[in-house]
Amino acid sequence: MAVSLRGFTKVLIRLSPSVFHQPRLHQSCLQRLPGALWPALSPFLPPRHFFCKAASLQDEEVAPAAEALLRYKDRPWDYLESEEYIERYGTSTVWAGYRRNHKGGIPPQKTRKTCIRGDKICGNPCPVCRDPNVIIHHQNVKLLQQFISPHTGTAYDPTRTGVCMKQQKKLNEAIDTARDHGLLPFQIPYVEFSGEDYSNSHDAVGSTPPPRSLTSGDTWYKWYSEITPDENEVAKVKKTYKAYLK
């Protein structure tokens with residue numbers, strides 16, 4: 001009886017690697033299969049399935065935001081007429097009510113260089129950087145008009161709007177391009193012409209008079225002959241340049 005038990009244990013030990021190896025292979029094959037087939041093949045779901053489900057839910061939430069960004073990327077001027085913009089800003093401008101974080105009670109004379117550097121975003125980004133749907137484009141006239149003074153026709157200073165210097169540079173370029181394309185009006189100073197010809201009437205633009213003839217001993221300027229130099233100063237100059245005087 002003891003001999004039979006020993007022989008049985010030896011056979012079991014020899015067969016154990018193959019017996020325990022089969023479920024592992026079965027589990028690895030299950031992991032490669034799609035998640036929809038797992039419940040039919042195995043009653044127990046590994047924890048990896050739950051993580052995949054959470055990631056898929058996250059992707060479903062991010063997808064509408066990405067679609068909204070792509071929707072306004074080609075036509076950024078549609079965002080200013082959308083319900084999303086009206087709900088967020090109403091009738092006020094994009095930069096109305098914005099206040100930059102700074103130390104002390106006196107704001108700095110210049111805004112920050114940029115709000116986004118690679119993957120890092122500052123704590124309180126400017127009105128343009130904080131909303132990804134606000135895209136600066138020369139055809140986005142309604143957005144450009146928010147940064148132009150209606151009285152002077154010039155762009156507001158970035159210290160007033162809070163826009164960073166990178167976005168302010170894009171604003172200035174877009175405003176100039178829109179004016180060149182005729183999308184934005186600009187004022188030209190009025191000059192009243194009297195009809196007279198000013199081409200040669202002024203001495204600065206007129207013809208140079210011919211030089212007058214000079215006799216020996218006369219000076220070109222009359223006031224030069226009336227100047228009497230100081231003898232002491234003349235003596236100092238002669239002493240200094242004695243080696244160079246002939």
Side-chain angles (χ1 to χ4, degrees), residues 61-194 196 198-199 202 204-205:
E61 293 177 358
V62 173
E67 289 179 1
L69 290 175
L70 294 174
R71 180 177 56 190
Y72 298 120
K73 186 176 181 180
D74 297 334
R75 297 174 61 87
W77 47 88
D78 291 344
Y79 175 63
L80 276 76
E81 299 178 356
S82 63
E83 297 180 358
E84 183 182 356
Y85 176 84
I86 296 171
E87 184 180 354
R88 184 169 185 178
Y89 300 102
T91 57
S92 59
T93 58
V94 173
W95 53 270
Y98 174 80
R99 188 177 185 276
R100 179 190 169 189
N101 294 339
H102 58 82
K103 295 181 180 179
I106 301 174
Q109 296 182 357
K110 291 184 179 180
T111 57
R112 63 174 68 93
K113 292 183 179 179
T114 180
C115 302
I116 303 172
R117 294 185 179 181
D119 297 336
K120 297 181 180 179
I121 304 175
C122 63
N124 187 19
C126 71
V128 179
C129 293
R130 67 182 176 181
D131 193 348
N133 293 326
V134 176
I135 302 173
I136 297 174
H137 196 271
H138 68 274
Q139 294 181 357
N140 198 356
V141 179
K142 290 186 178 181
L143 178 64
L144 299 179
Q145 286 177 346
Q146 295 181 6
F147 295 90
I148 299 175
S149 173
H151 307 289
T152 60
T154 58
Y156 287 124
D157 193 79
T159 55
R160 179 177 180 182
T161 58
V163 179
C164 62
M165 300 306 295
K166 182 179 179 180
Q167 300 293 344
Q168 183 67 26
K169 185 179 179 181
K170 291 183 180 179
L171 272 171
N172 294 335
E173 292 177 356
I175 289 171
D176 293 339
T177 307
R179 285 174 176 171
D180 292 341
H181 291 185
L183 302 175
L184 281 177
F186 60 95
Q187 297 178 356
I188 300 175
Y190 175 73
V191 179
E192 185 178 358
F193 296 97
S194 59
E196 298 180 7
Y198 295 97
S199 59
H202 198 270
V205 295

Does any part of the side chain of [Y], heavy atoms only, come nearer than 4.5 Å to the side chain of [X], both counted from C-beta?
X: R100; Y: P108; answer: yes
X: Q139; Y: H181; answer: no
X: R88; Y: D131; answer: yes
X: Q167; Y: T111; answer: no
X: Q109; Y: T159; answer: no
X: K142; Y: Y85; answer: no
X: V94; Y: Y89; answer: yes
X: V141; Y: W77; answer: no

Working to the nearest 0.5 angstrom, can you tell me the gap between [X] [atom1] and [Y] [atom2]?
X: E173; Y: I136; atom1: CD; atom2: CD1; answer: 10.0 Å
X: I116; Y: C126; atom1: CD1; atom2: SG; answer: 8.0 Å
X: L183; Y: H137; atom1: CG; atom2: NE2; answer: 10.0 Å
X: N101; Y: R112; atom1: CG; atom2: CZ; answer: 7.5 Å
X: F186; Y: D180; atom1: CZ; atom2: CG; answer: 7.5 Å
X: E81; Y: R75; atom1: CD; atom2: CZ; answer: 9.0 Å

Look only at the side chain of N124 and the backbone of R99, and say whether a donor-acceptor pair between them is shorter than 3.5 Å.
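Flag set: sc N124 to bb R99 pair under 3.5 Å.
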
Between [X] and [Y], which heavy-atom pair has the shortest distance, and what is it?
X: L144; Y: H138; value: CD1-O, 3.9 Å
X: P150; Y: Y156; value: CD-OH, 3.5 Å
X: G105; Y: P107; value: O-CD, 3.6 Å

Can you list the steps and then say if N140 with I135 is a side-chain contact (heavy atoms from CB on, under 4.5 Å)?
CA-CA 8 Å; N140 198 356; I135 302 173; 5.5 Å; no

Parallel, tilted or perpendicular, as decided by the 30° and 60° cut-offs, for the rings of F147 and W95:
tilted

Residue of the set T161, L171, L80 for which side-chain contact (heavy atoms from CB on, under 4.5 Å) holds with Q146:
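Per the side-chain contact (heavy atoms from CB on, under 4.5 Å) rule, the option paired with Q146 is L80, out of T161, L171, L80.
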
